Amino acid sequence: LLTFLSSPVIVVHCSAWAIPDDMAKASVDGVKSTATAGFLAMKRGGSALDAVELSVRALEDNPTFDADHGAVLNTNGEVELDSIIMDGRTLAAGAVSSVKTISNPVSLARAVMEKTDHIMLTDRGANMFAESVGIPAVPTNTLVTECERTEREKAKNYAVEVKEGHDTVGAVAVDCSGNVACATSTGGIRNKMVGSGGYADNLSWAVSCTCHGESILKVTLARLFHVEQGKRAPEAVEVSLRYMGDRVRGGGAILVSRTGEWAAKFTTERMAWAAVEREVLWYGLNPKEEFKETLRQ
Amino acid sequence: MLPVLVVHGGVGIIPKERVQLSCAGVQAAVRGVYSKLQGQGSAMDAVVEAVTLLWNDPHFSAGLGSVLNAMGEVEMDAIVMDGRYLASGAVSAVRKVANPVQLARLVMDKTSHLCLTGEGASQFARSMGVPEVPEESLITEYARMRWKKNLAADANPVECQMGKMGTVGAVAVDAEGNIACATSTGGLLNKMEGRVGDTACIGCGGYADNRVGAVSPTGEGEAIMKVTLARLILFHMEQGRSVEAAADEALAYMKDRVGGLGGVVVVDPQGEWSVRFSSLQMAWAAAQQQTLHYGLYTGEHFTKNIDNPY
């Protein structure tokens, strides 16, 4: 199944939620620069898998997004991260859940995919594997921003969930060979299960989802798109998000197909997203926004 | 046509000397639980109880007799799903609990989360008063022997595992038309510490939706995850395929696309059900009205009156 595209396509997001105005610009700038970097990597011959990994790494490293640096703390005061990466060509996937003290869980997920016979490692076993492949542990302090520490102090009186779904970042891409890939990373509520937080299949789409993790899991959001194969990309996303909204609650998703069709949709108040296709950078924040500019390299 | 209960004791090759006991095990689990379903019991209670009975039965390599991970420990995954509200609970890589499926149900009923893992799952178990059991109590000599054998560099644990079952599961639709599934496993022989397979992953190791049906799979976990097998079967059913055709198509796809073998039990809201597997064997049993159905090898489908103890 070989498709050759004249242009690779990448779409990235940093969470679907009611992004406050004082974070809006940083969020949009962050996704724009990340999408640009991912696109250029594919233009230089990189694969979709490389592009989604480097994009999610960049988003993980950006403290504006809680995904990693800035992650929410659990009740023990620790940072627990989840991540998934999937290769649409072979359906190979790698995922980690509840890893602590790892700077870039998406790269650890990729190592699980490429260096083990498994798909998913969790908790202590995931951390042990990281050590065995030379991925260094970093102190929790470097992963927790002052902002988050203060928020946590304030929220101590509330129940386990300190925040909801605004700490997920993700990317989907299709390279010039027509291979699709996805990657999603989060510091919070579990959203990394295959078929929920992300799914990639050359026969259909690559998808990365965001918002309330439990809701996404209940409808296995990323896998819903399988059913919508006959539809155009934007319609497929809308139908699936509407289904999720009917059954549980709102969310957001980005999607790309092996023919280069893409979409970024959400039923939450906002979602910062950006896409690059044929030297054009698209981006938005509020519902129905779709700004474009020429790619600056 | 309602209620219906279908259970499996995992795919794999059962040594001849164990065949009788494994078949007896699935039948006993179904018989033990079906009468409660007929007495207005819920599908969720039924699947949890059935899986608990199978888990406690030493003839299935689940619970006592579970396979060991690379470190010689028992790490377990389990999931339950309630088709009414798409509620679900799962635990992954949990150690030292007697019945992970019951812990999974507590995750669903007592937390706002869907999945807890590792040490966090153990902490939760303690907070719920679930007793910790010594690891030794879950390990048999047989399991330890297979673990040692598969530490060798040229061992093929996946293939070795297909020679023994390690996952048990159930699906049910109750008299009110509510649908549920439950699956529980000790995982993959000599897996890496922390390895989570399909069982704890919603859509892979189980899925239940009152509008469509429920599936509990077993087989090569990584392959099941790559195709999100449970959800895939239900997609086919949503598009009009029968419970058999949906399962067959998905299992064939899994074999073609990612080279994995497995088996499933499936039920729909009308009480239609199926048992399909691409492996050579899967011990299974089902109850509907007065009939007990059961089988082991491909193509087998025996029936008898449910009250017949033989």
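Below, chain A is the first sequence line, B the second, and so on; all start at residue 1. Quick caveat: nothing in here was measured; it's all calculated off a predicted structure. Heavy atoms only: backbone and side chains are in, while hydrogens, waters and symmetry mates are out.
Here the side chain of A:H118 pairs no donor or acceptor atom with the backbone of B:G197 at under 3.5 angstrom.
Note: B:Y85 OH to A:K218 NZ = 11.0 Å, rounded to the nearest 0.5 Å. Considering CG of B:D198 and CE of A:M120, their distance stands at 11.0 Å, rounded to 0.5 Å. A:I119 contributes atom CD1, which lies 5.5 Å from atom NZ of B:K226 (distance to the nearest 0.5 angstrom). Note that the CZ atom of B:R95 and the CG atom of A:D123 stand 10.5 Å from one another [nearest 0.5 Å].
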| task | Begin with the C-alpha distance, continue with both residues' side-chain angles, and end with the deciding distance and a verdict on side chain to side chain contact (heavy atoms under 4.5 Å, CB included) for B:V227 and A:L91. | result | CA-CA 8 Å; B:V227 304; A:L91 303 187; 4.1 Å; yes
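Chain A forms the most heavy-atom pairs under 4.5 Å with one residue out of B:R231, B:R211, B:M71, and that residue is B:R211.
If you measure heavy-atom distances from B:Y207 to chain A, the contacts under 4.5 Å come from the side chain alone. Using a 4.5 Å cut-off between heavy atoms, B:V258 contacts chain A through its side chain alone, with no backbone atom that close.
With respect to the salt-bridge test (charged N to carboxylate O, under 4.0 angstrom), the residues B:E119 and A:R124 do not qualify. Taking the charged nitrogens against the carboxylate oxygens, B:R195 and A:D117 have no contact shorter than 4.0 Å, which rules out a salt bridge.
Atom CD of A:E131 sits in a sparse spot, with 12 or fewer heavy atoms from other residues, nucleotides or ligands closer than 6.0 Å.
The two residues A:D201 and B:R257 come nearest to each other via the heavy atoms OD1-NH1, 2.7 Å.
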